[in-house]
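Notes follow the structure.
In what follows, chains are A, B, ... by sequence order, proteins preceding strands, each numbered from 1.
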2 protein chains.
Amino acid sequence: MVADVDAATPHTATGGGAPAETLGRSERKHRAILEAAQGMFLAGGYLGTNMDELAAASRVSKQTVYKHFGSKEALFVELVTSMTDAAGDRVHVDLADPTEADEVPSFLEAYADRQLDIVMTPTLLQLRRLVIGEVTRFPELAEALYEHGPKRAITTLAAMFERFDELGLLRVDDPTAAATEFNWLVMGEPVNRAMLLGDAAIPTAAERAAQVRGAVRVFLAAYGAR
Amino acid sequence: MVADVDAATPHTATGGGAPAETLGRSERKHRAILEAAQGMFLAGGYLGTNMDELAAASRVSKQTVYKHFGSKEALFVELVTSMTDAAGDRVHVDLADPTEADEVPSFLEAYADRQLDIVMTPTLLQLRRLVIGEVTRFPELAEALYEHGPKRAITTLAAMFERFDELGLLRVDDPTAAATEFNWLVMGEPVNRAMLLGDAAIPTAAERAAQVRGAVRVFLAAYGAR
DNA sequence: CCATAACGGAACTGTACGGTCTAGTTTGAT
DNA sequence: ATCAAACTAGACCGTACAGTTCCGTTATGG
């Protein structure tokens with residue numbers, strides 16, 4: 001037994017700013033709880049999750065759970081909020097704008113494909129289902145998910161389309177309307193299918209590509225420069 | 001006190017085939033239970049609804065509830081199924097096809113506006129939220145909602161677009177793809193906003209009209225005959 | 001190396017809830 | 001008028017579950 005590097009012997013010094021493996025006990029428990037909470041809340045919903053099992057799954061005493069999070073509600077809110085934030089960040093990425101009009105179709109296809117690929121993740125879809133099912137109980141969480149999800153995507157797209165219009169790559173009068181249309185042209189069917197039909201309805205890479213080609217084709221028929 | 005016509009004195013003869021006011025006691029209770037169940041399940045979700053309160057709200061004994069429906073699960077399934085069926089039927093309606101190409105835009109706008117108006121009903125939206133939140137527990141219900149909702153709408157649209165193509169009113173290679181795109185171009189944003197933002201996000205008639213005009217414009221740019 | 005804060009485990013409280021049971025009452029068709 | 005079916009009220013059972021308490025144990029950082 002030589003390599004115990006991973007989870008033991010934390011020494012005294014923390015690596016500086018590195019958020020590496022060396023974490024205090026408390027921090028580790030905190031994360032273990034959140035991790036178990038993610039699995040359980042996503043699988044069972046808010047009311048369907050019980051704190052005894054959650055503590056057991058976290059390999060932590062119930063006492064510790066309550067020391068860290070205060071209540072079931074607070075734990076739920078913190079979990080969903082952190083997942084929402086993380087998901088929102090994962091979507092955003094910088095791509096160089098195209099320079100020629102004939103690069104626009106493939107650019108939009110790549111962009112949409114990426115977007116779709118990220119959104120159609122089992123965990124994210126389940127988060128969306130969970131939050132939708134709890135809109136009445138936790139409206140703030142649903143609103144946050146809307147802001148970090150669709151709204152952010154549309155805002156980003158709108159800015160992009162406005163630039164493309166100025167570059168003469170597209171003809172877009174109302175960038176927000178165009179962005180909204182593009183967004184749901186791409187995501188409407190896959191997302192809504194998956195909401196109701198479960199993860200079995202998640203498109204394969206090939207299906208995604210076909211979906212995206214169709215969407216971009218329609219979009220460009222309305223907003224293409226030529 | 002003269003007019004007690006409404007809910008009393010059921011006499012012996014039932015009006016014939018008329019499903020009027022004169023119903024057996026059992027039937028009345030059955031409906032009262034379903035009605036209360038609708039309110040309570042939509043408001044509280046499956047786990048959040050309790051059978052004592054449900055019986056009280058139905059003005060019926062708990063025993064009667066169990067005589068009629070057997071279990072909480074069975075009641076839930078029957079309720080959601082009946083609501084799903086009813087909703088699906090409400091959407092379908094026959095409109096005369098347009099004959100000239102220049103009638104197509106306003107025809108599509110009217111069609112979409114109607115569709116959107118029906119779907120954006122608080123009760124229906126809440127049913128959708130409820131079912132989405134329970135996909136794991138009741139996948140059959142979610143599947144049924146998908147079939148009676150989006151799938152049926154798209155199938156109907158596809159048949160319509162195929163006729164329009166043959167009439168030379170549109171140019172549609174893949175009617176199902178076109179129908180899907182049209183459907184989510186129209187409904188994507190409103191439905192998904194409402195899922196997360198609640199009934200406050202239900203568009204007004206004017207917003208609906210604007211939404212629909214944009215959607216039809218984009219759609220016709222890609223599929224218009226000219 | 002030791003003081004202290006964090007943790008474990010398990011019992012405990014109070015309540016809530018799905019479903020059943022009992023025993024008496026109402027209803028409606030004949 | 002009669003009688004069976006349907007209904008009522010509420011007690012009751014078993015279980016589940018959020019949150020607390022108690023006290024002994026362990027890890028951590030100075």
Measure the angle between the two terminal helix axes of the helix from dC1(C)-dG30(D) to dT30(C)-dA1(D), five base pairs each, and quote it to 10°.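 Taking the rotation axis at each end, their angle is 30°.
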Taking only residues two or more places apart in sequence, or in another chain, which ones meet Glu189(A) in a side chain to side chain donor-acceptor pair (under 3.5 Å)?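 Result, side chain to side chain donor-acceptor pair (under 3.5 Å) vs Glu189(A): Tyr146(B), Trp184(B).
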Would you jot down, in residue-number order, the residues of residues 57-77 of chain A having a non-hydrogen atom under 4.0 Å from DNA chain D?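 Under 4.0 Å from DNA chain D: Lys62(A), Gln63(A), Tyr66(A), Ser71(A), Lys72(A).
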Are Arg208(A) and Gln211(A) linked by a side-chain donor-acceptor pair shorter than 3.5 Å?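 No, because no side-chain N or O of Arg208(A) sits under 3.5 Å from a partner of the opposite role on Gln211(A).
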Strictly by modelled atom types, are Ser61(B) and Thr64(B) linked by a side-chain donor-acceptor pair under 3.5 Å?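 Ser61(B) vs Thr64(B): donor-acceptor pair found between side chains.
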To the nearest angstrom, how far is [X] atom [atom1] from [N] atom [atom2]?
| X | N | atom1 | atom2 | answer |
| --- | --- | --- | --- | --- |
| His30(B) | dC7(D) | NE2 | C1' | 16 Å |
| Lys29(B) | dA6(D) | NZ | P | 13 Å |
| Arg28(A) | dA5(C) | CZ | P | 19 Å |
| Asp52(B) | dC12(D) | CG | C1' | 12 Å |
| Glu53(A) | dG9(C) | CD | C1' | 17 Å |
| Leu54(A) | dG19(D) | CG | P | 12 Å |

Does any pair with a residue in residues 75-91 of chain B pass salt bridge (Lys or Arg N to Asp or Glu O under 4.0 Å), and if so which ones, sequence neighbours excluded?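 Qualifying pairs: Asp89(B)-Arg152(B).
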Counting only side-chain N and O atoms of Asn50(A), is one of them less than 4.0 Å from OP1 or OP2 of dC17(D)?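 Yes, such a contact exists.
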Hey, would you say the Phe69(A) and Phe76(A) ring centroids sit under 6.0 Å apart?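 Aromatic pair excluded; centres sit 6.0 Å or further apart.
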Return a table of donor-acceptor pairs under 3.5 angstrom between the side chains of residues 133-145 of chain A and protein atoms on other chains or two or more places apart.
unit_1    : atom_1 : unit_2    : atom_2 : d
Glu134(A) : OE1    : Arg137(A) : NE     : 2.8

Do the side chains of Arg129(B) and Asp199(B) get close enough for a salt bridge, i.e. N-O under 4.0 angstrom?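 Salt bridge: yes.
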Pairs meeting criterion ring pair (Phe, Tyr, Trp, His ring centres under 6.0 Å) with involvement of residues 107-126 of chain B, two or more places apart: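 Residue pairs passing ring pair (Phe, Tyr, Trp, His ring centres under 6.0 Å), neighbours aside: Phe107(B)-Phe164(B).
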